[in-house]
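These notes are about the structure you will find just below.
Since the structure is predicted, the reported quantities are computational estimates derived from the model, not experimental observations. Side chains are part of it too, since the values below use all heavy atoms of this structure and drop only hydrogens, waters and symmetry mates.
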Protein chains: 2
Amino acid sequence: MKTLLDHPDVKAFVLHWGEMGTQWGVNRSVSQIHALLYLSDRPLPADEITEALGLARSNVSTALKELQGYAIVRRVHVEGDRRDHFVAETDLWEMLLRIAAERKRREIDPTIALLGELAERLRHDETAPALVRERIGRMHEFISTLGGWYEQVRCLPKPTLVALMKLGGKVARFVSPLKGKSKER
Amino acid sequence: MKTLLDHPDVKAFVLHWGEMGTQWGVNRSVSQIHALLYLSDRPLPADEITEALGLARSNVSTALKELQGYAIVRRVHVEGDRRDHFVAETDLWEMLLRIAAERKRREIDPTIALLGELAERLRHDETAPALVRERIGRMHEFISTLGGWYEQVRCLPKPTLVALMKLGGKVARFVSPLKGKSKER
DNA sequence: CGGTTGTTTCGGTAAACACCGAACGCTTTG
DNA sequence: CAAAGCGTTCGGTGTTTACCGAAACAACCG
């Protein structure tokens, strides 16, 4: 059957996206399927994905579940078709924020929790080397701050985000007029 | 020999950091070594790392090279010792920026380049579905913008970064007074 | 210049992971 | 209430990746 992937550039995109995924700890099938759905002009049933990418049906199923876990793909119903169909989020900001949210939830938050425990325990532990106590404490504080920042930024309306991004380094002018002008660090 | 890792909390930190790494596509040895160096109060020679973590000497060697590739670990000389010693960057902002810089260089920049090519070619390709052309174009623009933003932010002096981070969502007030107040999206 | 100490390279092995396909269960349909 | 369609689960398999240990290489010292 004819699919999007017949086009060489589409294929290049999907393959690259797949490799990209692997480098960030996402498995190839998952990211390939995401790429395919992102380019599709209509919801696709699992079968078609299977055929287009040459993957096993079961693999596609679990990959789709994973993508839904990130909330960047969702199930939709199509008139007169019993099968589930899937569409990808096409707003790229939304996509990025959701991926970030989920990775934070899965990996960062537990890390913060652990660091919190360790830092707390070390605070009263006289036997531990001073530098260890300080550095684990700093790490905890640092990651917590980043996490807090993300939670705030994530709640800004999208147009604001776009505007901030376009501002780039110039935002610095607002925080401390003198510092905002440097181009070097 | 007695090492930092005798302390259970230090061990917990190192192990967790190692697992963390694997989830982000960094191999376990590399991130464990990084964690160990981060907590160490003095430069460590490869031997000590080998012994402390129970890794093969060769593995430690390649991992150290990798860490130096990220510029978050550097070689130092210690008086009266022929061996190379290694220390980790302890400024966490610096660490984060360097990791980001390197990953951008390795993964994002090539992606932008590829997307640029594809987008350019598709612009003149009448046979390609309209949505594909648009979406690959959008993706290219989006990632390029993010990349540009990073390059600017990266050059801000560190205190400014800290200040901006502390501001959190409040930065939004400067870009468009009405939008900055929302807590929901 | 040997011998010593330290580092890197490389081929093989073991562990992790992705992926497949068969079997199972649920839902719809004739 | 069979039978077919669809989705998921699960055990096994192949591929990738990390890791080890031996050998090669380089620097230094007597």
Side-chain angles (χ1 to χ4, degrees), chain A residues 1 14-37 43-70 73-87 106-107, chain B residues 1 14-37 43-70 73-87 106-107:
Chain A
M1 184 200 167
V14 170
L15 292 182
H16 184 88
W17 208 244
E19 292 312 312
M20 192 78 179
T22 64
Q23 298 197 296
W24 291 86
V26 176
N27 93 6
R28 186 176 289 111
S29 308
V30 170
S31 35
Q32 283 185 358
I33 290 175
H34 176 244
L36 178 62
L37 288 174
L44 297 181
D47 282 336
E48 260 182 71
I49 299 173
T50 298
E51 190 187 355
L53 294 174
L55 301 172
R57 186 57 236 281
S58 55
N59 193 15
V60 171
S61 178
T62 54
L64 283 169
K65 195 189 278 181
E66 178 75 358
L67 286 166
Q68 291 176 77
Y70 279 100
V73 159
R74 65 176 197 282
R75 276 211 327 250
V76 296
H77 279 320
V78 165
E79 300 289 314
D81 195 332
R82 262 178 64 197
R83 299 173 299 177
D84 292 339
H85 289 62
F86 300 88
V87 286
R106 293 188 195 181
E107 294 145 27
Chain B
M1 183 197 168
V14 170
L15 291 181
H16 183 88
W17 207 246
E19 291 312 313
M20 193 77 179
T22 63
Q23 298 197 297
W24 290 86
V26 177
N27 93 5
R28 187 177 288 109
S29 308
V30 170
S31 36
Q32 282 186 358
I33 291 174
H34 177 245
L36 178 62
L37 288 174
L44 298 181
D47 282 337
E48 259 182 72
I49 299 173
T50 299
E51 189 186 358
L53 294 174
L55 301 173
R57 184 56 237 281
S58 54
N59 193 16
V60 171
S61 177
T62 55
L64 283 170
K65 195 188 279 183
E66 177 77 359
L67 286 167
Q68 292 176 74
Y70 278 99
V73 160
R74 65 177 196 282
R75 280 208 328 247
V76 295
H77 278 320
V78 166
E79 300 288 315
D81 195 331
R82 263 178 62 198
R83 300 173 300 178
D84 291 340
H85 289 61
F86 300 88
V87 287
R106 293 187 194 182
E107 294 145 26

d(CG, B:Leu64; C1', C:dT8) in whole Å: 12 Å

Hey, does the side chain of B:Ser58 come within less than 4.0 Å of C:dT7's phosphate (OP1/OP2), counting only N and O? no

Non-hydrogen atoms of A:Gln32 and A:Leu15 that approach each other most closely: NE2-CD2, 3.8 Å

Do you know the tightest heavy-atom contact between A:Ala35 and A:Trp17? CB-CD1, 3.5 Å

Below 4.0 angstrom from OP1 or OP2 of D:dG7, is there any side-chain N or O of A:Ser61? no

Look at the side-chain N and O atoms of B:Arg57 and state whether any lies under 4.0 Å from the OP1 or OP2 oxygen of D:dG21. no

Looking at B:Leu37, B:Asp81, B:Asp84, B:Val87, which one forms a side chain to side chain contact (heavy atoms under 4.5 Å, CB included) with B:Pro43? B:Val87

Is the side chain of A:Gln68 donor-acceptor paired with the backbone N or O of A:Leu64 at a distance under 3.5 Å, no angle test? yes

Does a side-chain N or O of B:Asn27 approach OP1 or OP2 of D:dC19 to a distance below 4.0 Å, or not? yes

Which nucleotide wins on minimum distance to the side chain of A:Ser29, given the candidates D:dC19, C:dC19, C:dT7? C:dC19

Would you please confirm or rule out a distance under 4.0 Å between OP1 or OP2 of D:dG7 and any side-chain N or O of A:Lys65? no

To the nearest Å, give me how far apart CD (B:Glu48) and P (C:dT7) are. 12 Å

Take A:Gln68 and A:Thr22, find for each the nucleotide of DNA chain D with the closest heavy atom, and name the residue whose nucleotide sits nearer the 5' end. A:Gln68

Can you measure A:Ile49 atom CD1 to D:dT8 atom P for me and round it to whole angstrom units? 11 Å

Below the 4.0 Å mark, does D:dA18 have OP1 or OP2 next to a side-chain nitrogen or oxygen of B:Asn59? no

